[in-house]
Number of protein chains: 2
Amino acid sequence: MAIESEATREKVLKAAERLFSKNGFSGASLRQITEEAGANLAAVNYHFGSKEDLYKEVLLRRVRPMNEERLTLLAQAEQLAGEQPLPLRAILDAFIRPLLSRATDRAPGGLSFLRLISRELADPQPFLFDEMAREFDPLVKRYTHAFAQTLPGLPPVDLFWRMQFTTGTLLYAAARQHDFERISSGLWKADDVEGCMRRLVDYCTAGLGAPRSAA
Amino acid sequence: MAIESEATREKVLKAAERLFSKNGFSGASLRQITEEAGANLAAVNYHFGSKEDLYKEVLLRRVRPMNEERLTLLAQAEQLAGEQPLPLRAILDAFIRPLLSRATDRAPGGLSFLRLISRELADPQPFLFDEMAREFDPLVKRYTHAFAQTLPGLPPVDLFWRMQFTTGTLLYAAARQHDFERISSGLWKADDVEGCMRRLVDYCTAGLGAPRSAA
DNA sequence: GTCTATATCATGATAGAC
DNA sequence: GTCTATCATGATATAGAC
């Protein structure tokens with residue numbers, strides 16, 4: 001039945017998300033995953049074809065809506081600004097929020113997904129590289145253009161680096177949401193994602209707009 | 001013989017560094033490693049005891065001198081500055097250089113080590129967590145103090161975040177040195193590590209010293 | 001110290017009954 | 001669609017010869 005099939009599929013995806021997030025692609029076995037899902041070992045191959053394809057689906061089903069959200073928020077901000085170039089803060093907020101907000105989502109997968117996507121982008125799986133590049137390409141192009149408009153004097157190579165630095169900052173913040181409370185020695189509480197986001201935007205706004213030092 | 005023993009040990013460490021870096025801890029097998037090293041499978045257990053202990057040694061033998069260098073550079077900069085608090089740039093340079101300079105080292109392991117240590121810090125292996133914490137603790141304390149001196153008005157929680165953001169920026173830059181040339185579409189050449197470092201310092205200096213926005 | 005040989009177990013994948 | 005059973009392979013680790 002389609003209904004039961006969907007239920008099993010969903011349970012497997014959920015368990016896979018958690019275990020891939022915790023142990024990485026090669027560190028999580030299909031046996032662990034199907035056991036935690038309460039499904040049969042053979043279900044993975046039936047529903048997804050292979051472990052790699054399961055991993056791909058775990059990621060893409062969350063990445064796609066997230067990136068659409070990022071593009072939508074940017075478009076909305078631009079409409080609001082009219083002819084003016086967007087303030088840096090506005091671009092960054094549109095870029096960061098759809099990712100970090102998932103740290104508090106009641107929706108499934110929040111923290112797991114953050115850790116997973118951070119690991120994948122900082123340390124890509126070769127078999128997924130092309131598909132991820134295709135998925136992120138419109139986003140990169142679109143935001144590069146927005147940043148370039150707001151920072152007209154910045155040479156392309158510097159903009160490239162500053163966007164990379166911003167990405168690194170964001171990914172690390174996302175990857176470690178799950179243990180910042182512990183390592184901050186009580187300075188920060190895990191439910192204050194807004195506080196993290198505000199500080200992240202402060203930091204990256206300054207970094208992107210920094211003066212350039214002499215070579 | 002002690003000499004041959006050392007040679008085998010060294011060959012295994014070198015191969016392990018490359019393969020752990022490329023495929024991660026669980027993605028690299030002892031078979032791969034010993035084969036690439038031209039050593040016997042049993043050599044790993046003889047010399048290191050277990051796969052986990054091999055991994056630990058691969059990391060720590062490079063982390064220890066790197067972190068000593070960071071502490072030394074900071075002390076030297078402080079001596080140079082006398083009574084004055086250090087400029088942000090000087091602290092950052094001392095923090096960043098001993099890591100990123102390894103991207104060009106003729107010495108073995110440069111790029112591999114960068115990728116490996118970045119992955120380990122952004123996504124720690126549980127079995128190594130305590131030992132890494134112990135190894136990095138003096139560094140964190142020392143640099144936190146230096147930053148706090150130079151940024152006297154900054155509340156501790158904000159300093160915590162900004163140091164985390166700086167760490168994330170640095171680790172991502174380190175992790176991807178090996179393919180920035182490719183993904184920059186020709187904007188940047190891999191031999192220009194100085195250029196990367198200068199831009200990284202520009203970015204983080206601005207971020208650490210950024211104005212704080214209202215909550 | 002280094003090797004061969006092997007023990008023991010986990011892995012991803014699939015064939016075929018239901 | 002889901003199950004059991006199994007295959008072929010590869011994993012870490014170790015015992016014991018040399």
Side-chain angles (χ1 to χ4, degrees), chain A residues 1-61 116 119-120 125-129 131, chain B residues 1-61 116 119-120 125-129 131:
Chain A
M1 270 307 235
I3 292 180
E4 295 164 31
S5 170
E6 278 306 301
T8 298
R9 209 185 122 93
E10 210 45 50
K11 283 189 301 180
V12 170
L13 280 169
K14 192 177 156 188
E17 182 166 61
R18 201 187 75 81
L19 287 163
F20 282 143
S21 163
K22 184 161 169 273
N23 304 326
F25 176 74
S26 37
S29 76
L30 296 183
R31 284 179 155 81
Q32 274 183 297
I33 291 170
T34 48
E35 188 180 356
E36 177 163 322
N40 189 275
L41 173 59
V44 168
N45 277 55
Y46 177 77
H47 285 285
F48 303 95
S50 70
K51 187 186 184 184
E52 290 190 355
D53 287 332
L54 169 60
Y55 182 78
K56 194 182 298 190
E57 183 57 22
V58 165
L59 268 175
L60 287 181
R61 70 162 181 163
L116 198 54
R119 186 190 292 131
E120 182 56 36
Q125 295 284 349
F127 69 85
L128 202 51
F129 192 90
E131 193 132 353
Chain B
M1 270 310 231
I3 292 179
E4 295 165 30
S5 172
E6 278 305 301
T8 298
R9 208 185 124 93
E10 210 45 50
K11 284 189 300 179
V12 170
L13 281 169
K14 192 176 157 189
E17 181 165 61
R18 201 187 75 81
L19 287 163
F20 281 142
S21 164
K22 185 162 169 273
N23 303 327
F25 176 74
S26 37
S29 75
L30 297 183
R31 280 174 155 80
Q32 276 182 296
I33 291 170
T34 48
E35 189 180 355
E36 177 162 322
N40 189 274
L41 175 58
V44 168
N45 276 59
Y46 177 76
H47 286 285
F48 304 95
S50 72
K51 187 186 183 184
E52 290 190 356
D53 286 332
L54 168 60
Y55 182 78
K56 195 182 298 189
E57 183 57 21
V58 165
L59 268 174
L60 287 181
R61 70 162 180 162
L116 198 54
R119 188 191 290 129
E120 182 55 37
Q125 296 284 348
F127 70 84
L128 202 49
F129 193 90
E131 193 132 353

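Here the structure is a predicted model, which is why all the values come from computation and not from measurement. Chain letters run A, B, ... following the sequence lines, proteins first and then strands; every chain starts at 1.
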Rounded interatomic separation in angstrom, taking CD from A:Glu6 and C1' from D:dT2: 15 Å

Donor-acceptor under 3.5 Å (A:Lys51 side chain, A:Ser29 main chain): no

Presence of B:Thr8 side-chain N/O under 4.0 Å of C:dT2 phosphate oxygens OP1/OP2: yes

Where B:Ile33 and B:Leu54 come nearest, the two heavy atoms and their spacing: CD1-CD2, 4.3 Å

Aromatic ring pairing A:Tyr55/A:Phe20, orientation class (parallel under 30°, perpendicular over 60°, tilted between): perpendicular

Nucleotide C:dA10, atom P - distance to CD of A:Glu35 in whole Å: 12 Å

Nearest heavy atoms of B:Leu59 and B:Leu128, plus distance in Å: CD1-CD2, 3.6 Å

Under 4.0 Å protein heavy-atom contacts per nucleotide of nucleotides 11-18 of chain D, with B for base, S for backbone only and - for none: BBBB----

Minimum heavy-atom distance A:Leu116-A:Glu17, with the two atoms named: CD2-O, 4.3 Å

